[in-house]
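None of the values given here were measured: they were computed from a predicted structure. Letters A, B, ... are given to chains in the order of the sequence lines, protein chains preceding strands, and every chain is numbered from 1.
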Number of protein chains: 2
Amino acid sequence: MRKKVKLSLIENATARRKTFLKRKEGLLKKVNELVTLCDVKACAVIYSPYQSTPEVWPSREGVEEVMSKFMECSVGERTKNMVDQEGFVCQSIAQENEQLNKLHEENRNSQIQDFMFGCLEGKMDVRHLDGRDKGDLRSLFEKYLSVVTQRIEILTKNGESSSSLPPLIADAAAPIDLNQNPNVEEHEDILSMENNHQEPVTARLAALTIADADVSAPNNTKTL
Amino acid sequence: MRKKVKLSLIENATARRKTFLKRKEGLLKKVNELVTLCDVKACAVIYSPYQSTPEVWPSREGVEEVMSKFMECSVGERTKNMVDQEGFVCQSIAQENEQLNKLHEENRNSQIQDFMFGCLEGKMDVRHLDGRDKGDLRSLFEKYLSVVTQRIEILTKNGESSSSLPPLIADAAAPIDLNQNPNVEEHEDILSMENNHQEPVTARLAALTIADADVSAPNNTKTL
DNA sequence: GAACCTATTGTTAGAGA
DNA sequence: GTCTCTAACAATAGGTT
């Protein structure tokens with residue numbers, strides 16, 4: 001039903017007016033809440049084509065009071081601690097890009113992990129991988145192997161107390177570093193695999209897994 | 001986990017500061033969205049104890065521009081179309097009271113209806129009712145009876161085409177007028193009944209009901 | 001239009017690192 | 001204190017009347 005709004009001028013004048021009225025309400029409410037909850041002085045002025053005079057909050061006197069504080073500052077002072085629209089937008093974009101890169105990284109890591117488990121099941125064809133993929137896959141294999149080896153040692157020494165076993169698979173957020181364009185489509189094209197690894201990997205790994213049933217690789221692919 | 005915040009000063013200074021920072025972010029985002037989506041000029045100034053200089057949006061120049069529009073108006077003009085904090089709060093309270101009264105009314109109507117169906121099943125004791133309850137119950141009975149009579153006539157004339165039957169029960173939002181304090185607890189105390197009327201009321205009513213199975217009185221009690 | 005409704009998206013309180 | 005997470009709550013886009 002409801003679409004995710006795109007942050008740009010609403011073309012339809014009727015819808016624009018409607019949105020304006022709704023959001024103005026919401027905005028004033030938010031200002032009121034901020035002032036009430038946090039004991040700060042704030043004001044808002046909205047100069048719209050829908051009314052001849054600007055709409056202000058919390059009152060004419062209130063606006064003038066807050067504004068006079070503002071006007072008292074020198075221009076240099078004013079510029080400090082100030083958010084301007086361009087800066088605000090740039091900052092927002094930067095934040096979103098950062099978030100996007102993080103997701104790309106997590107996705108790539110999940111994919112490499114999926115692929116690794118696929119290989120352990122003999123389902124994968126490594127020949128299609130490019131150099132970087134192979135490198136990342138190899139290093140993940142090595143990391144995984146060392147953890148598995150550790151677990152074997154621990155379990156061999158004292159069969160019962162499986163309390164302090166290192167986790168079998170690491171969090172996708174951290175391990176391998178990469179930051180190029182690994183999206184889901186590409187994943188499915190290049191690797192042509194299913195996200196379905198519920199079966200134990202090998203008899204050996206399955207045995208190791210009894211302590212914390214964690215070998216199956218979940219589909220961790222994330223989107224914004 | 002999360003409590004519904006009460007709109008009053010946050011006592012804990014740490015929490016207050018934290019909330020301030022979060023909500024300031026949110027507020028500036030909202031201002032940006034309003035301006036972008038609706039093509040209006042707006043500014044916000046926040047003068048907090050956390051920063052020596054006021055925080056403004058969209059920019060010093062932007063604020064001055066919008067403010068100059070505001071200052072141009074005569075004081076009389078300014079007062080027009082203006083929301084001040086007290087007015088805003090009063091308006092909010094009025095709206096909430098209106099909503100509350102509406103809910104009271106709906107609840108009372110639902111209760112009278114429940115009671116009526118209870119009576120039809122012979123489960124209720126009418127002696128505990130006060131004058132107003134009896135009056136409302138009587139008028140609802142009469143309304144219901146007239147609808148039932150209509151339905152009997154329609155069904156007697158042409159047994160098949162049950163298309164344009166009037167609805168058996170009216171919407172709780174409209175019918176009886178009353179606006180005093182009928183809440184759920186009182187309902188249960190005074191009337192001592194269950195909200196459970198799934199069984200057909202009488203053989204006759206049950207027969208009439210086949211067309212649209214609507215005789216059972218749902219529990220419509222609402223809260224804010 | 002304005003007023004209401006509700007599925008959906010957006011904001012944020014509280015907890016944890 | 002700052003950053004992150006997420007369930008819970010609030011705002012609201014797009015309908016309907």
Side-chain angles (χ1 to χ4, degrees), chain A residues 1-38 40 44 46 48-51 88 91-92 94-103 105-106 167 170-174 220 222-224, chain B residues 1-38 40 44 46 48-51 88 91-92 94-103 105-106 167 170-174 220 222-224:
Chain A
M1 172 186 171
R2 188 180 153 184
K3 286 178 298 188
K4 190 167 178 174
V5 295
K6 49 192 183 316
L7 190 49
S8 66
L9 180 69
I10 297 169
E11 298 294 346
N12 180 333
T14 309
R16 187 164 67 242
R17 180 190 154 87
K18 197 174 162 185
T19 291
F20 171 70
L21 292 172
K22 279 183 175 178
R23 280 176 172 262
K24 177 169 64 62
E25 276 284 300
L27 187 61
L28 294 185
K29 188 165 176 220
K30 288 279 183 199
V31 177
N32 187 43
E33 288 174 0
L34 184 66
V35 167
T36 306
L37 291 170
C38 305
V40 299
I46 301 170
S48 77
Y50 307 111
Q51 301 173 190
F88 184 81
Q91 184 181 314
S92 303
Q95 278 174 7
E96 300 206 340
N97 270 330
E98 201 176 329
Q99 188 67 9
L100 182 62
N101 282 333
K102 195 171 143 192
L103 287 173
E105 189 168 322
E106 284 183 24
D171 185 355
N220 282 324
K222 296 178 183 179
T223 55
L224 267 179
Chain B
M1 171 186 172
R2 189 181 153 183
K3 286 179 297 188
K4 189 167 178 174
V5 295
K6 51 194 182 319
L7 189 50
S8 66
L9 180 69
I10 297 170
E11 298 295 344
N12 180 332
T14 309
R16 188 164 67 242
R17 180 190 154 87
K18 204 173 155 187
T19 291
F20 171 71
L21 292 173
K22 279 184 175 178
R23 281 176 171 261
K24 178 169 63 63
E25 278 284 300
L27 187 61
L28 295 184
K29 189 168 175 217
K30 288 278 184 201
V31 177
N32 187 43
E33 289 175 358
L34 184 66
V35 166
T36 306
L37 291 170
C38 305
V40 299
I46 301 170
S48 77
Y50 308 111
Q51 301 174 190
F88 183 81
Q91 184 181 315
S92 302
Q95 278 174 8
E96 300 207 339
N97 271 328
E98 201 176 331
Q99 186 67 11
L100 182 62
N101 283 333
K102 195 172 143 192
L103 287 174
E105 189 168 323
E106 284 184 25
D171 185 355
N220 282 323
K222 297 178 182 179
T223 55
L224 268 178

What string of B, S and - do you get for nucleotides 12-17 of chain D 5' to 3' if you count protein non-hydrogen atoms under 4.0 Å? BBBB--

Roughly, in whole Å, what's the span from [atom1] in [X] to [atom2] in [N]?
| X | N | atom1 | atom2 | value |
| --- | --- | --- | --- | --- |
| A/Phe20 | D/dA11 | CZ | C1' | 16 Å |
| A/Lys6 | C/dG10 | NZ | C1' | 17 Å |
| A/Gln99 | D/dT6 | CD | P | 11 Å |

Rounding to 10°, can you tell me the angle the first-five-pair axis of the helix from C/dA2-D/dT17 to C/dA17-D/dT2 makes with its last-five-pair axis? 30°

So do [Y] and [X] actually touch side chain to side chain, heavy atoms under 4.5 Å?
| X | Y | answer |
| --- | --- | --- |
| A/Arg16 | A/Leu9 | yes |
| A/Leu34 | A/Lys30 | no |
| B/Ile46 | B/Leu27 | yes |

Please report the interatomic distance CG(B/Leu28) to CZ(B/Arg23), rounded to the nearest 0.5 Å. 13.5 Å

Position toward the 5' end of DNA chain C (nearest nucleotide), B/Lys29 or A/Leu21: A/Leu21

Over all atoms of both residues, closest heavy-atom pair of B/Leu7 and A/Thr36: O-CG2, 3.6 Å

Does atom CD of B/Gln95 have more than 12 heavy-atom neighbours from other groups under 6.0 Å away? yes

